[in-house]
There are 2 protein chains.
Amino acid sequence: MTAPERSLRADARRNREAVLDAAGELFARRGDAVQMDEIAERAGLGVGTLYRHFADKQALLAAIIGRRFEAMATLARAADEAEDPWTAFETLLYGYLESAQADAAFRFALLGPEEPRWNDIATEKTDFSAITERIVRRAVDAGRLREDFRADDFVLITRGAMANMTDAAGWRRHVTLVLEGIRRPER
Amino acid sequence: MTAPERSLRADARRNREAVLDAAGELFARRGDAVQMDEIAERAGLGVGTLYRHFADKQALLAAIIGRRFEAMATLARAADEAEDPWTAFETLLYGYLESAQADAAFRFALLGPEEPRWNDIATEKTDFSAITERIVRRAVDAGRLREDFRADDFVLITRGAMANMTDAAGWRRHVTLVLEGIRRPER
DNA sequence: CTCTAACCTGAACCTGAATTCCGGTTCCGA
DNA sequence: TCGGAACCGGAATTCAGGTTCAGGTTAGAG
């Protein structure tokens, strides 16, 4: 996709990285409302350079989102390490949501109506989904989640919480309420 | 706000209504993505006429949202009629969400980051909020909702569900899960 | 050190809407 | 029936942002 084709000239590689960093920072803060000019300025480059590395704004966005999903996959993998299935689940859930809170673009990508489209654009998402599925299954099998809980439900909860990220406290309360209906006692 | 100032010429009143209807229909289907030209065409009028009645797109949107909140207040009032507090609560919740499902603009207004702003723009919202508060209190007092449930939580749940209105079934599942954690047995 | 393909720049350009504006129309009171 | 204030139509204007491109600049192979 946005694969760093082999052998970029040193300065080109450096600039590409600068663009990614600047865009990541700005998109995270203000979602896709940021303008290409801003990104270019922050990266200390001309707009033209952005277009040399990314076909259009959408592609740049996609690259950033892909990065996030990679990070999410790592996070999920770490959560899956946990001995206790419930701990694994909770770690994943909160880790994911905290990342979402810190990144407006990521949130936007997940909440927007074109969400399904990211599957193609950000293939990194597949990894994450797979691990999530495993963690959910573990918790269900251990009897710590209602028996009919599915990975899809994880998405539902997650979206629900993200919709309440206007104020910092709201989504935690939301998750608390939901968890209560989903969780099952240890024994 | 968009008060139909006294004495509009007959045709003007008729046109104003046509605009409101056309806009309501289109906004409901596609949110604020619809263009002024489309609305004008559907209303069988020129764009200029829209601007004669509403300062700008935002104002037109606000008028529509206001209408919805009026309808929601009516709905809430009806729900409050119910003898059983839980029935009242559930009726309100589902009625509200079904309306949201049927109206993208309404949903958009409630989910968007400028949500708070609607309090000023659509004063009709106040009514709705008041009744909602009463219904929630009734259910809590009757011991049918967890003791610490507040009207704010109703908003949380509601936003959470709306975020899952991409597919028609998702939000119902979401509400089911949440209700489980919130509800308290009859006795 | 040279030369050129690969890069970069940023002003100009384009596009898609919202909004304006003014020459006609129409309602309606006298 | 008449006059003019209220209205209406819709092409023209404005504007914000994304995207392009005609030159200038290097990195780095030879």
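In this text the structure is predicted, and so the values were computed from the model without any measurement.
A donor-acceptor pair is defined here as one N or O able to donate and one able to accept, closer than 3.5 Å; such a pair exists between the side chain of B:Arg13 and the backbone of B:Leu8. No side-chain donor-acceptor contact under 3.5 Å links B:Arg144 to the backbone of B:Ala139.
Nearest to the side chain of B:Asp11, among C:dT9, D:dC7, D:dG28, sits D:dC7. Distances from the side chain of A:Met36 to the nucleotides C:dT19, C:dC8, D:dG18 place D:dG18 closest. For B:Val47, counting side-chain heavy atoms from C-beta on, the closest listed nucleotide (C:dT9, C:dT20, C:dC7) is C:dT20. Closest to the side chain of A:Asp56, from the set D:dC8, C:dT19, D:dT19, is D:dT19.
A salt bridge is absent between B:Glu25 and B:Arg67: the closest approach of a Lys/Arg side-chain nitrogen to an acidic carboxylate oxygen does not fall below 4.0 angstrom.
Taking atom CZ of A:Arg14 as the reference point, atom C1' of D:dT25 lies 14 Å away to the nearest angstrom. Distance, A:Leu45 CG to D:dT26 C1': 14 Å, rounded to whole Å. Put simply, CZ on A:Phe54 is 18 Å from C1' on D:dT20, counting in whole angstrom units. Atoms OH (B:Tyr51) and P (D:dT13) sit 17 Å apart, rounded to a whole Å. Protein atom CG of B:Leu60 is 17 Å distant from nucleotide atom P of C:dA17, rounded to whole Å. Distance, A:Asp37 CG to C:dC8 P: 17 Å, rounded to whole Å. The interatomic distance linking A:Gln58 (CD) with D:dT19 (C1') rounds to 15 Å, in whole Å. Rounded to a whole Å, the CD atom of A:Glu17 is 13 Å from the P atom of C:dC8.
The nearest heavy atom of DNA chain D to A:Ala33 and to A:Gly48 marks one nucleotide each, and the one closer to the 5' end goes with A:Ala33. When each of A:Ala55 and A:Gln35 is assigned the nucleotide of DNA chain D with its nearest heavy atom, A:Gln35 is the one assigned upstream, toward the 5' end.
Within a 6.0 Å radius of CD in A:Glu41, other residues, nucleotides and ligands contribute 12 heavy atoms or fewer.
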Please tabulate the protein-to-nucleotide N/O contacts below 3.5 Å involving nucleotides 1-6 of chain C, giving atom names and distances.
| unit_1 | atom_1 | unit_2 | atom_2 | d |
| --- | --- | --- | --- | --- |
| C:dA6 | N3 | A:Arg9 | NH1 | 2.8 |

Listed pairs under 3.5 Å, donor-acceptor, residues 147-157 of chain B side chains, sequence neighbours left out:
| unit_1 | atom_1 | unit_2 | atom_2 | d |
| --- | --- | --- | --- | --- |
| B:Asp148 | OD1 | B:Arg146 | NE | 2.8 |
| B:Asp148 | OD2 | A:Arg173 | NH1 | 3.2 |
| B:Asp148 | OD2 | B:Arg146 | NH2 | 3.2 |
| B:Asp153 | OD1 | A:Arg173 | NE | 2.9 |
| B:Asp153 | OD2 | A:Arg173 | NE | 3.3 |
| B:Asp153 | OD2 | A:Arg173 | NH2 | 2.5 |
| B:Asp153 | OD2 | B:Arg150 | N | 3.0 |

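Side-chain contact between B:Glu186 and B:Trp86 is absent, with no heavy atoms from C-beta onward closer than 4.5 Å.
The side chain of B:Asn15 places an N or O atom within less than 4.0 Å of a non-bridging phosphate oxygen (OP1 or OP2) of D:dC8. Dashed line: the shortest gap from a side-chain N or O of B:His53 to OP1 or OP2 of D:dC7 is not under 4.0 Å.
Ring geometry, B:Phe106 versus B:Tyr96: the interplanar angle exceeds 60°, so the pair is classed perpendicular (tilted spans 30 to 60°).
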